[in-house]
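Heads up: the structure comes next, in structure tokens.
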Amino acid sequence: MANSYQRFLKNNIDLAPLGVERRAGEVTYFCTPRGATIFGWAGVDGIHYCFIRGFGEMVFAVSPENDAPNYVHPLAKNFKDFLRLLLACGSAGALEQAWIWNQAEFDAFLWENQPAEEQKAVLAEIADQLRLTPMENPWQYIRELQSSFDDRQIKYTEDFYDPDMNPNAGRKALEREKTEWKVYFDGNFWGHRGRDRAGKEIPVGKHFEWAGRHWLIPALYACSKGLVIEFCMQIDPGQIRAFMDKWDLNAQNEADKNFSREQQMEIERDNPLCLDFDAVVRLNGKELVPTYGYGVSYNPCLPRDMIRRTEAKKVVDHYGLDPAYGWVIRRSAFPWKTKRRTEIRNLSVTLSQCPVSVPGPHFRVAAPGDTFDFTFPETGSRHTLTVQEYEQQKMDFSRMPAQDMEYPPYYFGMSYTIMPPLPNDRLTVSDCMDSDPPRQKHSKQEDPLAPVAKNSSIGVIGIIGGADGPTAIVVGDAGPSRLQAACSALHFEPVKEVEWHMIFHEKQFDDLTIGLMGHKDGV
């Protein structure tokens, strides 16, 4: 059994408020792995947490109510990391469900399910007695562990193959479940929710060139709720290696890099595996807009054992993509315009690149009336930013739902004009500093359990967007008198001066419309 778990037991900490209850007896389920040592129960749906003989200190979640074959998932490399994940997430519920969520869904769950007072007390006890800190980037930690784990190594008891105990019993049937390709409207590359049937696969095999890359739309899927389309972007491995060498990135050191915000913008522009785009479908003359999109990347420059069992590798294998190249696979879902599945007579899709961020000049404001000349890099045109209003203000957070949290209220508000005007959304102005992190009321900031905002964008989106005060707005029509506004980072104490920087948003490639079905020329 795990050494870190034995040390934990000596402290007699009860994890039940965090969703890990102790139980007496040897209760197991059909999907409890052979050689499992159960140390906790969620209290619902038979979910339990265990070590498995042969896997050292690795912690697993067993979820009998999941769809086959997704019963068992690794959560942490060892029990110490499991506790650090609890410190970061507040309970085990987020850990057990992380396999089916993307980063945004995971973060939303944490925000909506913040720890209650009893849970905070247990978390504080763990941090104090065991001298542990919350895990950084918990979703990324769990996803990387699960993506690299080969679940075929897990052995099960005879109950797993007994039809009376397991409706999906039978070795051949279970292996088919593992390899069978299914795409759902309410799903992603890691699983799906609900009880809708998988979509009907419609082969397309459409190759085209766009944005300096080769593309393939191998298939689309007609589901009861809408249409799902797979977009596959091919990347030369030499470009990937050059990018990794330029920024000194590899599988071991990427998580330890500490790049500035402007460096991150440059990295995003340089990264050949990064191209954000919007897709709009035209079906039988009617426009369909996607409700969501999920993406995975296949990088052939990573060690083979890191990519062998990833979701991206499964997509590459299913569609017969060349594994010598890099691939970005985007899955987008487009709901039908009618309540019933629509017959496809003609179908096209328009791809539009999302603008990329380019760092611009820095400036400081002394008073309204200050002007700053700059060049818009996409066109080389000259423009002038003129400050119209500029003052320090204080945010009112009395209506915020989390009354046990304290938010930094002080910021500078600025309104300005650009002459000659630029197209909408092609320039934003931002504070170079990050906002102070929110903190619990009546607690010290150094408390390791106090929620921490990672960057200023979290503060702007999550706080200013939901309260009175200036934000990124445009006032008036699109004429020369258009007035824009920006606000600085938020702080608990007033600041004397703000260093601002311009961020340009460039669109590098023209839109492209591709005919998929019912178009004689294919475009």
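Being a predicted model, the structure only gives us computed values, none of them experimental.
Note: Phe55 and Phe60 meet the aromatic proximity criterion, with ring centroids under 6.0 Å apart. Remark: aromatic rings of Phe277 and Phe231 are close, center separation under 6.0 Å. Outside the 6.0 Å centre-distance limit, the rings of Phe109 and Trp139 are not counted as a close aromatic pair.
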What verdict does the side-chain contact (heavy atoms from CB on, under 4.5 Å) test give for Leu512 and Trp215, after you've listed the backbone C-alpha separation in whole Å, the side-chain angles of each residue and the deciding distance to 0.1 Å? CA-CA 12 Å; Leu512 179 68; Trp215 293 72; over 6 Å; no
Dump the intermediate steps for side-chain contact (heavy atoms from CB on, under 4.5 Å) on Asp81 and Met135, then the final yes or no. CA-CA 7 Å; Asp81 281 0; Met135 178 71 70; 3.8 Å; yes
Intermediate values then yes/no, side-chain contact (heavy atoms from CB on, under 4.5 Å), Val349 and Ile217: CA-CA 10 Å; Val349 60; Ile217 299 179; 4.1 Å; yes
side-chain contact (heavy atoms from CB on, under 4.5 Å) assessment of Phe189 paired with Ile329: CA-CA 10 Å; Phe189 294 100; Ile329 302 98; 3.9 Å; yes
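Judged purely by atom type and a 3.5 angstrom limit, Arg426 uses its side chain to pair as donor or acceptor with the backbone of His505. Here the side chain of Arg331 pairs a donor or acceptor atom with the backbone of Asn188 at under 3.5 angstrom. Side chain of Glu311 to main chain of Ser147: no donor-acceptor pair is present (N/O by atom type, distance under 3.5 Å, no hydrogens or angles). Looking at Glu287, its side chain never comes within 3.5 Å of a backbone N or O of Val280 through a donor-acceptor pair. Without hydrogens or angle criteria, Gln119 side chain to Pro17 main chain gives a donor-acceptor distance under 3.5 Å. Within the 3.5 Å criterion, the main-chain N or O of Ala92 finds no donor-acceptor partner in the side chain of Glu96. Not a single donor-acceptor pair under 3.5 Å links the side chain of Asp45 to the backbone N or O of Pro64. When atom types are taken as modelled, the side chain of Tyr292 and the backbone of Ala333 share no donor-acceptor pair closer than 3.5 angstrom. No donor-acceptor pair closer than 3.5 Å links the side chain of Arg84 to the backbone N or O of Pro138.
Listed by first and then second residue, the ring-ring contact (aromatic ring centres under 6.0 Å, His included) pairs that reach into residues 323-358 come to none, sequence neighbours excluded. Evaluation of the salt bridge (Lys or Arg N to Asp or Glu O under 4.0 Å) test over residues 100-113, restricted to residues two or more places apart or in two chains, returns none.
Residues Phe185 and Pro335 are in side-chain contact: their nearest non-hydrogen atoms beyond the backbone lie under 4.5 Å apart. Side chains of Thr157 and Thr28 form no contact here, defined as non-hydrogen atoms less than 4.5 Å apart. Side-chain contact between Cys50 and Val62: present, with at least one pair of heavy atoms (C-beta onward) separated by less than 4.5 Å. Between Ser430 and Arg261, the closest side-chain pair of non-hydrogen atoms falls below 4.5 Å. Side-chain contact check for Tyr141 versus Glu136: every heavy-atom pair is 4.5 Å or farther apart. Between Leu86 and Leu95 there is a side-chain heavy-atom pair separated by less than 4.5 Å. Inter-residue side-chain proximity for Met502 and Thr428 is flagged as unmet; no heavy-atom pair is nearer than 4.5 Å. Under the 4.5 Å side-chain criterion, counting only non-hydrogen atoms from C-beta, Trp181 is in contact with Val315.
Between the side chains of Glu268 and Ser357, no donor N or O sits under 3.5 Å from an acceptor N or O. No side-chain donor from either of Trp99 and Asn70 sits under 3.5 Å from a side-chain acceptor of the other. Checking Asp278 against Ser352 by side-chain atom types alone, no donor-acceptor pair falls below 3.5 Å.
Atom CD1 of Ile514 is separated from atom OG1 of Thr350 by 9.0 Å, given to the nearest 0.5 angstrom. Here CZ of Arg241 is found 9.0 Å from CG of Asn299. Values are rounded to the nearest 0.5 Å. The SG atom of Cys89 sits 10.0 Å away from atom CG of Leu123, with the distance rounded to the nearest 0.5 Å. Phe82 CZ to Leu15 CG: the interatomic distance, rounded to the nearest 0.5 Å, is 7.0 Å. In this structure, the separation between CD on Gln234 and NE2 on His207 is 9.0 Å, given to the nearest 0.5 Å. One finds the CG atom of Asn284 at 12.5 Å from the NZ atom of Lys337 (value rounded to the nearest 0.5 Å).
Remark: Asn113 CG is packed, more than 12 non-hydrogen atoms of other residues, nucleotides or ligands lying under 6.0 Å away. Atom CG of Asp322 has more than 12 neighbouring heavy atoms from other residues, nucleotides or ligands inside a 6.0 Å radius. Other residues, nucleotides and ligands contribute over 12 non-hydrogen atoms within 6.0 Å of the NZ atom of Lys507.
Heavy atoms only, all atoms of each residue included: Leu275 and Ala211 are closest at CD2-CB, 3.7 Å. The two atoms that bring Ile240 and Gly326 nearest to each other are CD1-CA, 3.9 Å, heavy atoms only. Considering all non-hydrogen atoms of both residues, Glu262 and Gly360 come closest at OE1-O, 4.3 Å. The two residues Gln264 and Phe259 have their closest heavy-atom pair at NE2-O, 3.0 Å. Nearest heavy atoms, Val328 versus Ser297: CG2-OG, 3.8 Å. Heavy-atom minimum distance, Leu145 versus Ala76: CD2-N, 3.4 Å.
Of the residues Tyr29, Phe30, Tyr156, the one that meets the ring pair (Phe, Tyr, Trp, His ring centres under 6.0 Å) test with Tyr71 is Phe30.
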